[in-house]
Amino acid sequence: MWSTKLLPYCRADNVGVLCYSPLAAGQLTGWRDTPRVLGRRRMGMMSPLPGPTLRAARAALDLVALDLVARAHGVSMAPVALAWLLAQPGVTSVIVGPSRLEQLEDNLGAASLVLTEEELRSLDAATQPEPIYPGTLDRALGALAERSSSWTKPRS
């Protein structure tokens, strides 16, 4: 929500944005693939974050796009996600929360990672937020109008 509501205001007023939890509590690092994750969830250490959650299909698209760029650079998804975020106009820094030294070193790789314009566009497209009301209504009415334009009244 910050990118659709707050970031435009910050950009307009030249206010820098410091992003907290830029890796979405590890969701953008591929943590779901690690063997220890199930145990941490059972202990309540990885409960869902408050607020809106990513839809599974939407999150999968984000991860695929991140993974493609990460593989092209020979790095993990975390520095790609951080480098993309730091490349956004108005974002001045990010607050990361690594729990191990390896995670910190991996995150610091974002400082020297330079993403191409094509990679930035690819990640921008994958992370476009879903429209929120009333934008969802506009989309639904547009689809209805398209369907109704080809509809003809049956003869009685």
Side-chain angles (χ1 to χ4, degrees), residues 1-136 138-139 142-143:
M1 174 166 17
W2 71 274
S3 62
T4 57
K5 299 260 184 194
L6 299 177
L7 193 54
Y9 290 109
C10 291
R11 287 176 180 158
D13 292 329
N14 203 27
V15 174
V17 175
L18 175 64
C19 300
Y20 176 77
S21 193
L23 298 175
Q27 292 181 57
L28 299 178
T29 64
W31 62 264
R32 294 178 189 268
D33 299 333
T34 62
R36 297 185 316 181
V37 97
L38 186 59
R40 292 194 313 231
R41 267 212 209 115
R42 284 189 184 141
M43 296 293 292
M45 294 167 62
M46 294 189 72
S47 58
L49 295 173
T53 59
L54 298 174
R55 291 185 181 173
R58 203 56 215 172
L61 281 177
D62 295 349
L63 292 177
V64 167
L66 277 172
D67 190 47
L68 287 173
V69 174
R71 287 176 191 265
H73 286 274
V75 298
S76 73
M77 291 189 288
V80 173
L82 295 172
W84 172 79
L85 188 55
L86 289 167
Q88 302 304 305
V91 174
T92 55
S93 189
V94 294
I95 299 175
V96 294
S99 55
R100 296 189 319 273
L101 181 59
E102 308 89 67
Q103 292 172 336
L104 176 61
E105 291 168 346
D106 193 37
N107 291 345
L108 290 175
S112 60
L113 183 61
V114 179
L115 301 174
T116 67
E117 287 299 318
E118 183 181 331
E119 290 168 334
L120 290 170
R121 280 192 301 273
S122 168
L123 294 170
D124 287 344
T127 58
Q128 271 304 310
E130 298 256 343
I132 50 178
Y133 182 82
T136 51
D138 293 342
R139 186 172 55 175

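Any value given below was found using the heavy atoms of this structure, including those in side chains, with hydrogens, waters and symmetry copies removed.
Rounding to the nearest 0.5 angstrom, the gap separating the SG atom in C10 from the CG atom in L18 is 11.0 Å. The distance from the CG atom of L113 to the CG atom of L108 is 12.5 Å, given to the nearest 0.5 Å. To the nearest 0.5 Å, atoms CG (L85) and CG (L123) are separated by 11.0 Å. Here the CG-CG distance, from N107 to L23, works out to 5.5 Å after rounding to the nearest 0.5 Å. For the atom pair CE (M77) and CG (L68), the distance works out to 10.5 Å, reported to the nearest 0.5 Å.
The closest side-chain heavy-atom distance from Q88 to D124 is below 4.5 Å. Taking 4.5 Å as the limit, some side-chain heavy atom of P22 sits within range of a side-chain heavy atom of V96.
L120 is linked by a side chain to side chain contact (heavy atoms under 4.5 Å, CB included) to W84, A87, L115, E117, counting only residues two or more places apart in sequence or in another chain.
D106 approaches A78 most closely through the heavy-atom pair OD2-CB, 3.7 Å. Closest of all the heavy-atom pairs between P89 and L7 is O-CD1, 4.0 Å. When all heavy atoms are compared, the tightest approach of V114 to E119 is O-OE1, 4.3 Å. Shown here for A65 and A126, the closest heavy-atom pair between the two residues is CB-CB, 3.5 Å.
The neighbour count for E102 CD, taken as heavy atoms of other residues, nucleotides or ligands under 6.0 Å away, is above 12.
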